[in-house]
Amino acid sequence: MKPLRIALTKGRLEKDTVSLLEKMGMDCSALHDKGRRLILPVGGGRIEAVLAKAADVITYVEHGVCDLGVVGKDTILEMGTGFYEILDLGFGKCRFALAGPKGKNFFAGYSSKTIATKYPNVARSYFEEKGMDVRVIKIEGSVELAPLLGLSDAIVDIVETGSTLRENGLEVIETVAPISARLIANVASLKLRKAEIEELAQAMEQALRDKEETQ
Ligand code: PRP
């Protein structure tokens, strides 16, 4: 049988993901020494790993070219749900927050507000739920700049330690949603390769529990 293929988010989640696979007893030497190779054998070829940007992880899993994916809840909330979310991996913890200039009451006044964000769908649905009509402007990076430059009244962005906000005179107004890394699965793969996927997910859960106990 061909190996299960898993798409892993490169960057922030990469280190924790690789150490989880290693805790499961899988040989990850190809992930440590990848060179320019894009499809990498893990666990002696038991699974095949692909390293990709978060949004691409979801695209590959949705289209079924990867059976599984490891991706942040932030990207899941932004991109929707054409796949199953099967496990909260517990690492990559941070939150989505509404943030704005320190000491300024964001909700004061009647004028409609402008929000800058890398996550327009998350921002829109958050304000829809509140019944607030806002203008959302999409920014690609360092969203914190937008209120400093006067482009927006506030931002919806990821807050981890809070230091980016603090160092720029901004503060959290409200938490929008908690975030952590999730294991996701393609809908058809979960039907056709249920036993293998469940076995892998259970091994991940066990490795996460063992890690918690030793902390
Ligand atoms: C994220 C986020 C904030 C920062 C928050 O950006 O957009 O800017 O991290 O982290 P903190 O609360 O610990 O300061 P990231 O570093 O991923 O870079 P990007 O803006 O280029 O996406």
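Residues: numbered from 1 along the sequence shown. What you are looking at is a predicted structure, and each value in this text was computed from that prediction instead of being measured. In each ligand, atom 1 is the first atom listed, and ligand 1 is the first ligand listed.
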Problem set entry | N or O pair under 3.5 Å between Leu165 and ligand 1 | no
For this session: Could you walk me through whether Lys73 and Glu85 pass the salt bridge (Lys or Arg N to Asp or Glu O under 4.0 Å) test, one step at a time?
Result: CA-CA 9 Å; Lys73 183 72 178 175; Glu85 191 183 309; 2.8 Å; yes
For this session: May I ask you to decide if Ser29's main-chain N or O and Asp33's side chain share a donor-acceptor pair within less than 3.5 Å?
Result: no
For this session: Check Asp157 against ligand 1 and report side chain, backbone, both or neither, counting heavy atoms closer than 4.0 Å.
Result: side chain
Problem set entry | Aromatic ring pairing Tyr119/Phe96, orientation class (parallel under 30°, perpendicular over 60°, tilted between) | perpendicular
For this session: For Val57 and Val70, work out which heavy atoms get closest and say how close.
Result: CG1-O, 3.9 Å
Exercise. Which residue supplies the protein heavy atom nearest to atom 14 (O) of ligand 1, what is that atom called, and how far is it?
Worked result: Thr164 OG1, 2.4 Å
Exercise. Which is closest to atom 1 (C) of ligand 1 in terms of heavy atoms, Glu160, Glu140, Glu144, Arg12?
Worked result: Arg12
Problem set entry | Shortest protein contact, atom 13 (O) of ligand 1 (heavy atom only) | Thr161 OG1, 2.5 Å
Problem set entry | Identity and distance of the protein heavy atom lying nearest atom 5 (C) of ligand 1 | Ile158 O, 3.4 Å
Exercise. Any donor-acceptor pair under 3.5 Å linking the side chain of Glu171 with the backbone of Gly103?
Worked result: yes
For this session: Check the pair Arg5, Glu48 against salt bridge (Lys or Arg N to Asp or Glu O under 4.0 Å), reporting the backbone distance first and the verdict last.
Result: CA-CA 5 Å; Arg5 191 175 278 165; Glu48 255 176 11; 2.9 Å; yes
Seminar exercise, completed: In short, Leu31 meets Ala49 closest at the heavy-atom pair CD2-CB, 4.2 Å
Problem set entry | For Ser163, atoms of ligand 1 separated by under 4.0 Å from a heavy atom | 12 (O), 14 (O)
Problem set entry | Per-atom contacts of ligand 1 with Val159, taking only distances under 4.0 Å to non-hydrogen atoms | 12 (O)
Exercise. Numbering the atoms of ligand 1 from 1, which are under 4.0 Å from a heavy atom of Ser142?
Worked result: 20 (O)
For this session: Measure the distance from atom 18 (O) of ligand 1 to every protein heavy atom, then report the residue, atom name and distance (to 0.1 Å) of the closest one.
Result: Lys118 NZ, 4.3 Å
